[in-house]
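Only one structure is covered here, and it is reproduced in the block below.
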Amino acid sequence: MLSSANLARDLDALKPGGRIVCVGSRGHIDIDPRAIMSKEANVCGCMLAHATPEEREEMAAHVCAGLSNGTLRPIVAAVLPLADAAEAHTRVLEQPGGAKGKLVLCVPPPTA
């Protein structure tokens, strides 16, 4: 989802007529417009901060439905304890190519 790092590779993997929605970006993107044109693809941007509470609720419902029915299958690269949040941050920002898959931080259960 980090379009500044992944958009060119995403376009290579996209099927003809496919769609890419850019949700996150940390910088400038250089792409060859022919990569979009040759696939007759649709690339658009989305800023979730502009969504209304109703739109956020609808998006969350769609994501939950996709996870439940298997349409969305996130790839989990690592599960780390919350105490290792700094390590997760380092993996995302500093490893070549970024993190490969989702990094999950586990919050410990409250103690009684």
Side-chain angles (χ1 to χ4, degrees):
M1 302 251 300
L2 185 59
S3 60
S4 55
N6 299 323
L7 185 56
R9 283 182 294 187
D10 293 344
L11 285 167
D12 286 341
L14 193 66
K15 73 176 187 173
R19 179 182 322 156
I20 295 173
V21 179
C22 299
V23 179
S25 179
R26 291 199 183 112
H28 183 77
I29 302 171
D30 285 319
I31 59 165
D32 180 353
R34 289 175 291 191
I36 298 169
M37 295 163 32
S38 67
K39 301 264 181 124
E40 296 188 352
N42 183 344
V43 178
C44 65
C46 173
M47 182 162 247
L48 298 179
H50 295 212
T52 66
E54 294 79 19
E55 289 169 330
R56 289 173 190 251
E57 193 171 304
E58 182 180 355
M59 287 184 275
H62 285 291
V63 169
C64 289
L67 292 170
S68 294
N69 68 26
T71 303
L72 298 176
R73 296 178 302 276
I75 297 169
V76 177
V79 178
L80 304 168
L82 184 58
D84 290 346
E87 168 63 22
H89 187 75
T90 299
R91 288 187 192 190
V92 170
L93 295 178
E94 296 179 4
Q95 287 190 355
K100 305 295 185 207
K102 301 298 177 195
L103 299 176
V104 179
L105 294 176
C106 290
V107 178
T111 56

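Here the side chain of Lys39 pairs no donor or acceptor atom with the backbone of Gly18 at under 3.5 angstrom.
Here SG of Cys22 is found 8.0 Å from CG of Asp10. Values are rounded to the nearest 0.5 Å. With values rounded to the nearest 0.5 angstrom, Ile29 atom CD1 is found 5.0 Å from Leu7 atom CG. To the nearest 0.5 Å, atom CE of residue Met37 and atom CG of residue Asp32 are 8.5 Å apart.
Through direct or relayed side-chain contacts under 4.5 Å between Ile, Leu, Val, Met, Phe, Trp and Tyr, Leu67 connects to Val63, Leu72.
No side-chain heavy atom of Ile31 sits less than 4.5 Å from a side-chain heavy atom of Val43.
Under the rule for a side-chain hydrogen bond (donor to acceptor under 3.5 Å, both in side chains), Ser68 has no partner lying at least two apart in sequence or in another chain. Residues passing the salt bridge (Lys or Arg N to Asp or Glu O under 4.0 Å) test with Glu87 are Arg91, sequence neighbours excluded. When the salt bridge (Lys or Arg N to Asp or Glu O under 4.0 Å) test is applied to Asp12, no partner is found at least two apart in sequence or on another chain.
Linking ILVMFWY side-chain heavy atoms closer than 4.5 Å, directly or via other members, places Leu103 and Leu105 in two distinct hydrophobic clusters.
Contact detail for Arg56 and Leu48: the closest heavy-atom pair is NH2-O, 3.0 Å. Between Met59 and Ala51 the shortest heavy-atom distance is CE-CB, 3.6 Å.
Other residues, nucleotides and ligands contribute at most 12 non-hydrogen atoms within 6.0 Å of the CD atom of Glu57.
Counting only residues at least two apart or in different chains, side-chain hydrogen bond (donor to acceptor under 3.5 Å, both in side chains) contacts with residues 40-50 are absent.
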Name each donor-acceptor pair under 3.5 Å that joins a side chain in residues 74-84 to protein atoms two or more places apart or in another chain, with its distance.
none

